[in-house]
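Here's the structure, in structure tokens; my notes come after.
Naming convention: chains lettered A, B, ... in sequence-line order (proteins, then strands); numbering from 1 in each chain.
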Amino acid sequence: MARYNFRETEKKWHGRWEQAGTFAVKEDPSRPKYYVLEMFPYPSGRIHMGHVRNYALGDLVARYKKARGFNVLHPMGWDAFGLPAENAAFERRVHPADWTHENITAMREQLRAMGLSYDWNRELATCAPEYYRHEQKMFLDFLRNGLAYRKESWVNWDPVENTVLANEQVIDGRGWRSGATVEKRLLSQWFLKITEYGDDLLEALESLERWPDRVRLMQHNWIGRSEGAHVLFDIVGRSDRLEVFTTRHDTLFGASFCAIAANHPLAASVAANDPKLADFIAECNRMSTSEAAIETAEKKGYDTGLKARHPIIDGLELPVYVANFVLMEYGTGAIFGCPAHDQRDLDFARAYGLPVLPVVLPPNTDAETFEIGDEAYVGPGTAYNSDFLDGLAIDQAKSAMAERLESAGRGKRAITYRLRDWGVSRQRYWGCPIPVVHCPDCGIVPVPDAQLPVELPKDVDFDTPGNPLDNHPTWKHTACPTCGVAATRETDTFDTFFESSWYFARFCDPKSDEAFSRASVDYWMPVDQYIGGIEHAVLHLLYSRFFTRALRKCGYLGIDEPFAGLMTQGMVCHETYRDAKGWLFPDQVRKASDGGFVAVDDGRPVTAGRIEKMSKSKRNVVDPEAIIQTYGADTARLFMLSDSPPERDLEWTEAGVEGAWRYLNRLWQRITESEIAFPPAGAPRPGTFSPAAADLERAIHKTIKAVQDSIEKWRFNSAVAQIRELSNALGALKGDGAGEAWMLRHGYEVLLRLIEPMTPHIAEEIWESLGHQGFLCEVPWPTFDPSLVIDDVITIGVQVNGKLRGTIDMARDSAEEDVRSQALDLENVRKILDGNPPRRVVVVPNRIVNVVA
RNA sequence: GCGGACGUGGUGGAACAGGUAGACACAGCAGACUUAAAAUCUGCUUCGCUUACGCGAGUGCGGGUUCAAGUCCCGCCGUCCGCACCA
């Protein structure tokens, strides 16, 4: 038997699709649209298995929706700015632009080899001036609309990448890519006002019904809204007041100290005359913010000597400390401490000998005997020791206190967010230049629209440390657009998350002289189905939601939410091996006779590690190109879809891939080398069928329904299982009469249509070999006959006391009495009842009978 | 510490809405074909007992609700993920 030649076949169909423009789309108001998008890749040079999985998932959705009659937009492009290009420039003496474009060319070929149904006419790369010029304009519009501003602030500085990082890019105190411990620096930076949309971004999460709960929750926590109050403390002997944020203003009567952050202006003011305090502040700034450091760090404070007047209790003065656990970034950078009801405050109070006064009494507790030991009481209760709050529950006490503070002019209700404004300045070359000019006379001047884009210079030096744009001899020197005097350009570039915050809209109209036309985004947006990794849950996915709102405010588009549906796929994992010296590639390892593993070269023992995410460092990466070379794209795609549900991690196994390949090869042989003479394409349906053929027809219709349901529910692995079940049924069909031949052909044609979104090349090839003209991918999805998906005869389980004791075959919707008597008549059932009448018989129509003995 | 998800054969995983647990695969075993191997085909494959018919146990552990629980409720244990000095 000849083997299926995937190499020739896959290439052949790539050419056919391209020539016919099969996947080119345009707006068509007469048809429902469907926008499928996979997160576009960074052009690192080669695709990896994570990409293959991502795009196999997206292509299945795109092809399925196309079959269901949707006008499907399915584009692909390149997230082309970023640090690796600069590293390559430094290490290999290639220009970042050349390196990036070479990588794009290579990766485009790899993607084409997968047979993905992209409209390649819409391809874009974010490093092109035709792309980034629009985001320069957007930034200027943000500036005009008060959504962008420049301010000096403490920022996260990555000492390895030599650039600033946004809060979202600091993971556990370290840079998200470099892993270097992040330092605090005071710099002038551009910010986007994401906090202005804090409430909206939070509330709208509710409406994102087709997003995973996990991602919505992560964004919810990230935004971190808390309701509380600002409280004002007068400071003895000073005119300024200390403003504190609290969520527990009900415990204000238990306050025993105030604490401020090391970077708080008040601390700086005292430190000016207090060298010891200045030392303490410096020590706090050096402190790492990593998890381990925080766990072990002591709660340290420094008594400033200042006294804060309690806002409610006349005559009570509280000491003011600078404390290392108070963050300038959150709230007002100042707190009041109520040790009895906050663990951290309690630890601090014990360390510095401050009073601990309980003011919340737990339910059913005697106020006389209630004491605070080593643990603060944070549970529910009623206020006591609290004057006018006494007897009130916590929530009531908060309201009462807020009203008192407001009427006394000593505070007011307030809401604080964990979310910070998005710092977008990066001290890097390979990014989009920030289009402003610093003029000695006029200050910050936006570059006029007519002078856009501000293009990156090509001739740059990567050997000198620092920002190559800043080091460039001429680029930054320009004339002030307003007054004409000598001025300098901003040399920072945008965070590369800027580009990915709007590319989905550009795909709607990628050749436009504008960012995109309003009509095209109105037609295509929002993205109906977005697919990508969970790692962007609070980065790209939050920025894009904000950016869309900002663009709306500036009149670019009319929606708030860019992604109506989101699927976060699991990782691709693989086995790992290591010996005493480190990790080994799987092909350096073989199974030993004792069941363990040894190295191929010298037989030394090797231990099998965990199944882990493919990574270069663990040497468990499988190169997609090699797989496609060996087995073909269809096989790789089928395996990826069949092994695990999309959101779960997938274990790559050679055996699993082999299995997928054998299946496709078998399918091809069964049809193209069939000994049964199939009737020609479109042959009329015979009038009668043998029972076997009629059964097969039911199986066909059931499969259509099952596969469709599975795809709609994102159970692609189940869809594959159902297709394989139909294959088994087709392979097992007995008889070779005209009716059987017709039904067999019908079955295979349906099967091909169902499998085409997963394995398009082989499906097209077999379809053509059956005598069809035109593309299978343009044939509508088959419909099932509802009457054929329900069985006439149903096998009903018969239980005695909940244990299965037999089955009976009954006509569908048989009378309950018949089912009951048939069930009781089973020998097994009679044996157990032993002549006694059953106590009860539960009959669930068409499902089960349970006899209670 | 806070929040969340998950836990089913040797393995990946099925099981719509509480109703025959283990679909579909992978691996394994046996057989057919073959000089042989690969490929292909047929069968078996949750565990224990049994020649067999069967019987017993079984969805992390312990309880509960129900005629009936992988699924619902309560309490544990474990694994993974997110956030974290957040006032």
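Between B:G10 and B:G60, the two P atoms lie 13 Å apart (nearest whole Å). Separating the P atom of B:G28 from that of B:A38 is a span of 11 Å, rounded to the nearest Å. For B:A15 and B:A32, the P atoms lie 38 Å apart once the distance is rounded to whole Å. For B:G54 and B:U59, the C1' atoms lie 24 Å apart once the distance is rounded to whole Å. B:C61 and B:A69 have their P atoms separated by 15 Å, given to the nearest Å. If you take atom C1' in B:A57 and the same atom in B:U42, they sit 32 Å apart, rounded to whole Å. The same atom, P, is picked in B:C26 and in B:U46; the two are 16 Å apart, to the nearest Å. Atom name P, nucleotides B:G18 and B:C24: the rounded distance is 25 Å, in whole Å.
Base pairing analysis places B:A25 opposite B:U11; the two distances defining the Watson-Crick or G-U wobble pair are each below 3.5 Å. B:A32 is paired with B:U40 under the criterion used here, namely a Watson-Crick or G-U wobble arrangement in which both key atom distances are under 3.5 Å. B:A5 is paired with B:U79 under the criterion used here, namely a Watson-Crick or G-U wobble arrangement in which both key atom distances are under 3.5 Å. Pairing of B:A87, defined by two Watson-Crick or G-U wobble distances under 3.5 Å, is not identified with any nucleotide. In this structure B:C55 sits in a base pair with B:G48, meeting the Watson-Crick or G-U test at under 3.5 Å. In this structure, B:C72 and B:G64 make a Watson-Crick or G-U wobble pair, each of the two defining distances being under 3.5 angstrom.
Every residue two or more places apart in sequence or in another chain that forms a side chain to side chain donor-acceptor pair (under 3.5 Å) with A:Q219 is listed here: A:R545. Scanning for ring pair (Phe, Tyr, Trp, His ring centres under 6.0 Å) contacts around A:H310 gives an empty result, with sequence neighbours left out. Applying the ring pair (Phe, Tyr, Trp, His ring centres under 6.0 Å) criterion to A:Y4, with sequence neighbours excluded, gives A:W668. Contacts of A:S821 classified as side chain to side chain donor-acceptor pair (under 3.5 Å), with partners at least two apart in sequence or in another chain: none. For A:Y352, the ring pair (Phe, Tyr, Trp, His ring centres under 6.0 Å) partners are A:Y321, A:F348, not counting sequence neighbours.
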Q.
Using a 4.0 Å heavy-atom cut-off to protein, can you give one letter per nucleotide of nucleotides 6-11 of chain B, 5' to 3': B if the base is in contact, S if only the sugar-phosphate is, - if neither?
A. ------
**Q.** Nucleic acid footprint by protein, nucleotides 15-24 of chain B - heavy-atom cut-off 4.0 Å, B for base, S for sugar-phosphate alone
**A.** SB--BB--BS
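Nucleotide B:C81 holds its C1' atom 18 Å from the CZ atom of A:R216, rounded to whole Å. Summarising the geometry, the separation between CG on A:L419 and C1' on B:A84 is reported as 16 Å, rounded to the nearest angstrom. Rounded to whole angstrom, the span from the NE2 atom of A:H574 across to the C1' atom of B:G12 amounts to 14 Å. Counting to the nearest Å, the P atom of B:G13 and the CG atom of A:D643 are 7 Å from each other. Rounded to a whole Å, the CG atom of A:L824 is 14 Å from the C1' atom of B:C67. Distance NE2 (A:H536) to C1' (B:C81): 17 Å, rounded to an integer number of Å. Between the P atom of B:A14 and the CZ atom of A:F716 lies a distance of 13 Å, rounded to the nearest Å.
Where A:R670 and A:G656 each meet RNA chain B at their nearest nucleotide, the meeting point lying more 5' is that of A:G656.
A:N836 CG: more than 12 foreign heavy atoms inside a 6.0 Å radius. Counting heavy atoms of neighbouring residues, nucleotides and ligands inside a 6.0 Å radius, atom CZ of A:R214 does not exceed 12 of them.
The side-chain hydrogen bond (donor to acceptor under 3.5 Å, both in side chains) analysis of residues 706-720 of chain A, with sequence neighbours excluded, yields the pairs A:Y64-A:E712, A:K705-A:D709, A:Q708-A:W781, A:S710-A:Q722. Within the structure, every pair that satisfies the side-chain hydrogen bond (donor to acceptor under 3.5 Å, both in side chains) test and touches residues 647-661 of chain A, not counting sequence neighbours, is listed here: A:Y631-A:E654, A:Y631-A:E658. For the side-chain hydrogen bond (donor to acceptor under 3.5 Å, both in side chains) condition, the pairs that include at least one residue of residues 844-853 of chain A, sequence neighbours left out, are A:D813-A:N846.
In B:G28 the base sits anti relative to the sugar, since the glycosidic angle is further than 90° from 0.
When the side-chain nitrogen and oxygen atoms of A:R662 are compared with OP1 and OP2 of B:C26, one or more of them lie within a distance under 4.0 Å. The phosphate of B:A87 has neither OP1 nor OP2 within less than 4.0 Å of any side-chain N or O from A:R418. At B:C86, one or more side-chain N or O atoms of A:R344 fall inside 4.0 Å of OP1 or OP2 (strictly under the cut-off).
As judged by a 4.0 angstrom heavy-atom cut-off over every strand, A:R666 is placed among residues touching the sugar-phosphate backbone only. Within 4.0 Å of A:L327, counting heavy atoms only, lies at least one base atom of the nucleic acid. Residue-level contact check: A:R805 touches the backbone only, with heavy atoms under 4.0 Å from sugar-phosphate atoms and none from bases. Across all strands shown, A:G224 has no heavy atoms under 4.0 Å from either base or sugar-phosphate atoms. Contact annotation for A:N828: backbone-only contact, meaning every heavy-atom pair under 4.0 Å involves sugar-phosphate atoms and none involves a base.
To the nearest 0.5 angstrom, A:L201 atom CG is 6.0 Å from A:L542 atom CG. Interatomic distance, OG1 of A:T635 versus CZ of A:F6, reported as 7.0 Å (0.5 Å rounding).
Ring-plane geometry between A:F336 and A:F233 is classed as tilted, the angle between the planes lying from 30 to 60 degrees on a 0 to 90 degree scale.
Ion pairing between A:D347 and A:R350 fails under the 4.0 Å rule for side-chain N and carboxylate O.
Considering every non-hydrogen atom in both A:E375 and A:Q343, the closest pair reads CA-OE1, 3.4 Å. Smallest separation of non-hydrogen atoms from A:P339 and A:A376: O-CB, 3.8 Å. For the residue pair A:A719 and A:M758, the shortest heavy atom distance occurs at CB-CE, 3.9 Å.
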Could you list the protein-to-nucleotides 48-53 of chain B atom pairs, N/O on both sides, closer than 3.5 Å?
none

Under 3.5 Å, which protein N or O atoms sit close to an N or O of nucleotides 57-66 of chain B? Give each pair with its distance.
from  : atom 1 : to     : atom 2 : distance (Å)
B:A57 : OP2    : A:K803 : NZ     : 3.3

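Of the listed nucleotides (B:G13, B:U40, B:A87), B:A87 has the atom at the smallest distance from the side chain of A:T246.
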